There are 2 protein chains.
Amino acid sequence: MGDDKRLRDAAEKLALILAQGGMQKTTARVMTCLLFSQQETLTAADLCAELQISSGAVSGAVKQLTPSGLLERVPAPGSRRDHYRFPDGAWATLMSQQNQLLATMGEVADQGLAAAGDPSTPAGQRMAEMRDFYSFMLRELPPLIERWRTDFTAKQAKQETHQAD
Amino acid sequence: MGDDKRLRDAAEKLALILAQGGMQKTTARVMTCLLFSQQETLTAADLCAELQISSGAVSGAVKQLTPSGLLERVPAPGSRRDHYRFPDGAWATLMSQQNQLLATMGEVADQGLAAAGDPSTPAGQRMAEMRDFYSFMLRELPPLIERWRTDFTAKQAKQETHQAD
DNA sequence: CAAAGATTTCAGAGATCTGTGAATACTCTG
DNA sequence: CAGAGTATTCACAGATCTCTGAAATCTTTG
């Protein structure tokens, strides 16, 4: 099926984009491989074969992806191998983790503001703007993501009911 | 003044955070040096001295930062040297540039959806969710940033009026 | 509880990236 | 338009990172 090749190409293309954005190249490839696979789950051996990488590399990528919620182990009854998959809602999870960064940026700005002493100094003004921006984002972004989550699950539920007709 | 040391520490700390997030280490240091400086602007020579790096390194960092809107050249009357500064509204600019990425992610999802053929296949479902998420974000984020911009400039205007009293 | 199957760890080779320092190219000024 | 003062480019050395391949560890099963 030619579609598989198109999928694999799309996977590698996205991996490249993510790699340019700072993600480890192999880590990105593992992630997109799971994302674009027509299988529900893949084993480590599958990933080795598909991406032509060693088992050690897969292990490393799994280790990086799992805590970020971009990869999850799936219980595989009747198989001794671990099965991995790209979790539902992973993109929202990923975006949510930006919140941590937003909070950190806000804290740094606070410390900077304290260190600058006077808020009317050049550094003080920059810090004030920085703090204002990041506290704003930290206030607004989480509800936004939450809204998508509820909207999307509602949308899915409706679709399933429709299929059940 | 001890405050300067605290500012410099905060600068280096933030540079480290940004470096972990994928930004070039020297690029991050140049940026935070401008951000936390009590000067309005710094020259390349200032940056060399402050950060103990070569002029070539500064040039490279400037080249990376400028297109992202995290650094701007400032006309310096009476000085032959270029003066650099951290622009007002840079954080909002930075966040806005995420929009480009959001759009790209959406496009990749579209292509993936087309390649997957049937949206009910595993890959098709993942693509559908991905597309839904990123188109949502692309729709919601820009107005949010715009709102901060207007709020913040209003806030500043009020403050200035207050000072003028 | 032994043995097979699978994953993780780790040292080291190889590739990649980055900053230096010098040479080159600009750009003002007198 | 010559010359001094800056900024940029570039080749290379040094540091960093990443994957491989093999050994070690863990886990399941007969």
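To find a chain, count down the sequence lines: A is the first, B the second, and so on, and within it residues start at 1. A quick note: this is a predicted structure, and the numbers were derived from the prediction, not measured.
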Among [options], which nucleotide sits nearest the side chain of [X]?
X	options	result
Y84(A)	dT8(C), dT29(C), dT18(C)	dT8(C)
S54(B)	dG5(C), dT20(C), dA7(D)	dT20(C)
R80(B)	dT8(D), dA4(C), dG5(D)	dG5(D)
T26(B)	dT29(C), dC19(D), dT18(C)	dT18(C)
I53(B)	dA7(D), dT20(C), dT20(D)	dT20(C)
Q24(B)	dT18(C), dA22(C), dG5(C)	dT18(C)

Check your understanding: Are the ring centres of Y134(A) and W148(B) closer than 6.0 Å?
Key -> no
Roughly, in whole Å, what's the span from [atom1] in [X] to [atom2] in [N]?
X	N	atom1	atom2	answer
L47(B)	dT6(D)	CG	P	15 Å
D82(A)	dT27(D)	CG	P	11 Å
K25(A)	dT20(D)	NZ	P	10 Å
L42(B)	dA7(D)	CG	C1'	17 Å
D46(B)	dG5(D)	CG	P	17 Å
M23(A)	dC17(D)	CE	C1'	17 Å
H83(B)	dT27(C)	NE2	P	17 Å

Revision key, fill the gap. Judged by nearest nucleotide, the residue sitting upstream toward the 5' end of DNA chain D, G56(A) or S79(A), is G56(A)
Exercise for review: For residues G106(B) and R131(B), report the shortest heavy-atom separation together with the two atoms involved.
Suggested key: O-CG, 4.4 Å
Review point. Which pair of non-hydrogen atoms, one from G89(B) and one from E129(A), has the smallest distance, and what is that distance?
Key: N-OE2, 2.7 Å
**Study point:** E12(A): which of K5(A), R6(A), R29(A) passes salt bridge (Lys or Arg N to Asp or Glu O under 4.0 Å)
**Key:** R29(A)
What nucleic acid atoms does [X] come within less than 4.0 Å of, heavy atoms only: base, sugar-phosphate, or nothing?
X	value
A57(B)	base
Q52(B)	sugar-phosphate
R81(A)	sugar-phosphate
R29(B)	nothing

Check your understanding: Should the pair D132(B)-K155(A) be classified as a salt bridge under the 4.0 Å nitrogen-to-oxygen rule?
Key -> yes
Point to revise | Residue-phosphate contact under 4.0 Å: K63(A) side-chain N/O, dT9(C) OP1/OP2 | key: yes
